[in-house]
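The structure appears right after this line, and notes come after that.
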Amino acid sequence: RIGPTMPMSSERASGPVEAPDKTVEEFVAAFLNELNFGQGVLLSRSTINDQYLALARTVRQYLMAGWLETGVQRRESGRKTIGYLSAEYLLGRQLSNALLATDLQDIADEAMKQCGIDIAALRAQEIEPGLGNGGLGRLAACFVDSLATMDVPCIGYGIRYEYGIFRQTFEDNRQVEVPDSWLSLGSPWEFPHPERQVRVDFGGRTETYTDDQGRERSRWIPDWNVLGIPYHHMVPGFRNGTVNTLRLWSAKATQAFDLQIFNSGDYAAAVRAQTFAENISKVLYPEDSTPQGKELRLQQQYFFVACSLHDFIQNTLPQDFDLRRLPERIIFQLNDTHPVIAIPELMRILVDRKGFDWDEAWDITRQCFAYTCHTLLPEALEVWSAELLGRLLPRHLEIIYRINKEFLEEVRETFPGDEMRIRSMSIIAEHPERSVRMAYLATIGSSKVNGVAELHSQLLRDKVLPEFSQYWTEKFTNVTNGITPRRFVFLANRRLSDLITDKIGSGWVTDLERLRDLEPYADDADFRAEFAAVKQANKERLFKVLQARDGIELPEHAMLDVMVKRLHEYKRQSLKLLHIVSTYESIISGRMRAEDAVPRTFVFGAKAAPGYHMAKETIFLINSVAATINADERVKDVLSVAFPANYNVTLAEKLIPAADLSEQISLAGKEASGTGNMKFALNGALTIGTDDGANVEIRQLVGDDNFFLFGMTEPEVEQLRAEGYQPTSYYRSNDRLRATIDLLAGGHFTRGDRAASAQVVDNLLTQDPFMALADFQGYLDAQDRVDAVYRDTDAWTRSAILNVARSGFFSSDRSMRDYLDRIWNA
Ligand code: 73E
């Protein structure tokens, strides 16, 4: 029996829910039961998908007691809940994580073997829920994992997109997007609760009236609505019996909505109306960092936020709860500005629905929210046109205006006559059109504002919100991002985990700073040999995966140099490409002998937003360079380039443990944090990187000797920009850069078609908005240092071990402790 051994609680009059025993026999029995009665098939007639679904439901049984018990405890304890509001959760596959959390891996392996089933095939059957774009969505998934492992009450609120991030394929070296129908083969990890539906209103107008106490009030007369249906997901803690809930909302047409049209006799229009409503949760917007101001996206945001607030206030709090005490029971963490419409929504609930005075409602509201900013790119800061907001959510716009008016009056009292300052702090921008700055609304309506790495939080204070950080020094803080060691070390890198546990015990899985105890082993030759053998085995595992998945063949003994992340100009995949082409050019021009080069395999993984032209051109060029280099006998086994399509969490779990070198080469000041950088360091890759985001903290912790730093610092970038950046001056003065660009531009990689590479090349030569050419030489020099250290296997392995030992800080458990201490007061 698993699950908590706490006393039986009052809610369970019918007795405890029991899981099957943790034995192979019981597991097999439960599995066959699920196959026969759940799936309705005989083992002898079952497909892999049947078996996968039955296995998933079997593992679910072992989590159920903990889930129900956690729910009871949460209701009874009255502890403050973290309401994590996020438009994205990039969860990754669930089966392995559930087996890990319940410690059932070995039992499940053996049970499947007894049934004549290869469990690896079942694991491979799962389509990961890709309900996020990249780092922001994956961070949310890591955070809910950590909170469950720390037994902190948390409800993750989000959207159940029917289609997650698109599946990437390549045709003629170009990205082609295919819809991700992750639900098509069944979804054993979710629990729909249509009976807990919530109605969400949109559109219409507002009107004023006088209430029975003679007060002038406003009310919203909406003109259409949809239903939100919650789907619950289990979020298991690591072997502690806690199972928190992720509540994802799916949109459905209301009957009223249909009926009105039905009555008009237009059946086709009624069906169209249904589609219209259900479009709201149909698809994840695939823009990472650069949201487009699309109406449907605003609908998505309000939809999930309205459902979530309603769910917490009406269904989660006890009946007749005194809402003046709401801040004792909830803190809503806003994952970027995407859910910020929750602030006026809570005001609307308190003032319009619950009859609170404005001032009292505002006091409560501000205590209930905290805001995390994830970016500095100006184009990523969300701004909604007042016209659109007013059309979709007229009452919310009114509330935002009033929040702004009262806030600016307050500022005016502190800074009389300083109209410049007042205008710069207004939530409402007037140009080029009247619009609402969501980051300002978030800042004003929250108790705390944080950036996601030290450098980013500093730049947030100094550059993005300077007036606000002067006005409220205490409100601003930093919490450096983290990653869950459960998924990204224990699960993804079983070999390394066993080696670590063998030396220092297993406590590191939930107390990652204990990895420090590995430091002495960096000087132990036997340990280094074992560590290197783990890396080699992980490479071989990866090569098998790439062979089966993409038909890619890679040489066994080469440095594995990996750059995986969304494709964005600021991340500078093009700089990586210049390095590859430059190395290749050195060999084919005879300046360097192939035998003298350190053999390297370059691996890219990157999706481009479908509408991001330059990013898609860069993908085309990387693929073209890869094809040319891989076919060139002159560099055979010395240089190879692999670009497996559709990089996702599942592939990351294979790629990261195999990497020797981690590429973190964004222009300084542009990458808020990065979290891939942490995953690589914790899996024993060395980083080549700029002084950007969390790289800064990684370098401080692992030490300069174990990190390859290059490139301008953020102030140097600013200075160069101020002086007038001229990319061509670098092209003219640097022979290697010129040779590299000329080879790229000359059609060598595009079958003589110069036009095919022109857009990327011209962009670098004429704009180069992220200054790749300025950092080119520094990057090559750093790569030479990489080669030199790599030639000394002992030195390299020593550094790799120290990277692991000193990166314990980057556990998302630590991030969560920081949020609890600095932000949540919980
Ligand atoms: O540096 C990363 C950061 O590690 C940052 O670019 C990313 O968030 C990660 C987690 O903190 C991020 N994603 C977005 N903004 N910042 C974003 C913006 C709009 C839509 C989707 C994602």
Side-chain angles (χ1 to χ4, degrees), residues 84-90 130-143 158-159 161 164-166 283-294 297-298 300-301 333-340 371-384 438-439 442 449-457 459-460 464 478-484 488 564-572 606-612 615 652 664-681 689-690 692-698 770 810 812 815-816 818-819:
Y84 201 78
L85 295 177
S86 178
E88 305 191 6
Y89 291 88
L90 192 46
L131 309 184
N133 273 286
L136 173 140
R138 184 55 235 178
L139 188 76
C142 286
F143 282 1
I159 302 175
Y161 300 106
I165 186 67
F166 63 83
V283 58
L284 167 75
Y285 274 97
E287 280 91 26
D288 184 87
S289 304
T290 39
Q292 314 284 311
K294 294 276 165 49
R297 184 164 165 96
L298 183 58
Q300 291 184 335
Q301 295 182 350
Q333 187 67 36
L334 303 165
N335 199 22
D336 216 276
T337 51
H338 318 149
V340 165
Y371 161 54
T372 306
C373 174
H374 291 266
T375 184
L376 293 165
L377 301 182
E379 69 269 28
L381 295 174
E382 275 190 308
V383 167
W384 290 105
M438 300 307 270
V449 176
N450 75 289
V452 290
E454 289 289 353
L455 174 66
H456 172 241
S457 295
L459 294 171
L460 181 65
V464 185
N478 170 251
V479 178
T480 299
N481 282 168
I483 61 153
T484 171
F488 288 106
V564 286
K565 49 186 80 257
R566 284 297 288 254
L567 210 139
H568 204 296
E569 286 168 278
Y570 83 79
K571 295 178 188 277
R572 302 201 293 191
K607 291 180 184 179
Y612 188 172
Q664 308 300 337
I665 61 176
S666 51
L667 176 63
K670 300 296 175 192
E671 188 69 273
S673 164
T675 44
N677 47 3
M678 302 167 185
K679 295 166 195 164
F680 281 102
T690 47
D692 200 14
N695 295 354
V696 177
E697 288 152 84
I698 293 176
F770 299 98
F810 298 106
S812 45
S815 303
M816 292 296 87
D818 288 348
Y819 276 89

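Atoms within a ligand are numbered from 1 in the order they appear, just like the ligands themselves.
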ring-ring contact (aromatic ring centres under 6.0 Å, His included) filter on Tyr285, not counting sequence neighbours, yields none

> Without hydrogens or angle criteria, can the side chains of Asn677 and Thr675 be said to hold a donor-acceptor pair below 3.5 Å?
Replying inline: no

Residues at least two apart in sequence or cross-chain that pass salt bridge (charged side-chain N to carboxylate O under 4.0 Å, His left out) with Arg572, listed by chain then number, are Asp775

By salt bridge (charged side-chain N to carboxylate O under 4.0 Å, His left out), Lys565 pairs with (sequence neighbours left out) none

Please tabulate, line by line, the atom pairs linking an N/O of ligand 1 to a protein N/O at a distance below 3.5 Å, with the distance in Å to 0.1, or answer 'none'.
{"unit_1": "ligand 1", "atom_1": "1 (O)", "unit_2": "Glu671", "atom_2": "OE1", "d": "2.6"}
{"unit_1": "ligand 1", "atom_1": "1 (O)", "unit_2": "Ala672", "atom_2": "N", "d": "3.4"}
{"unit_1": "ligand 1", "atom_1": "1 (O)", "unit_2": "Ser673", "atom_2": "N", "d": "3.1"}
{"unit_1": "ligand 1", "atom_1": "1 (O)", "unit_2": "Gly674", "atom_2": "N", "d": "3.1"}
{"unit_1": "ligand 1", "atom_1": "4 (O)", "unit_2": "Gly674", "atom_2": "N", "d": "2.8"}
{"unit_1": "ligand 1", "atom_1": "6 (O)", "unit_2": "Tyr570", "atom_2": "OH", "d": "3.3"}
{"unit_1": "ligand 1", "atom_1": "6 (O)", "unit_2": "Glu671", "atom_2": "OE1", "d": "3.2"}
{"unit_1": "ligand 1", "atom_1": "11 (O)", "unit_2": "His374", "atom_2": "ND1", "d": "2.6"}
{"unit_1": "ligand 1", "atom_1": "11 (O)", "unit_2": "Asn481", "atom_2": "OD1", "d": "2.8"}
{"unit_1": "ligand 1", "atom_1": "16 (N)", "unit_2": "His374", "atom_2": "O", "d": "2.9"}

- Query: Just checking, any donor-acceptor pair under 3.5 angstrom between side chains of Ser666 and Glu671?
  - Reply: no

Next item on the list: Taking atom types as modelled, find out whether His374 and Asn335 have a side-chain donor-acceptor pair closer than 3.5 angstrom.
Entry: yes

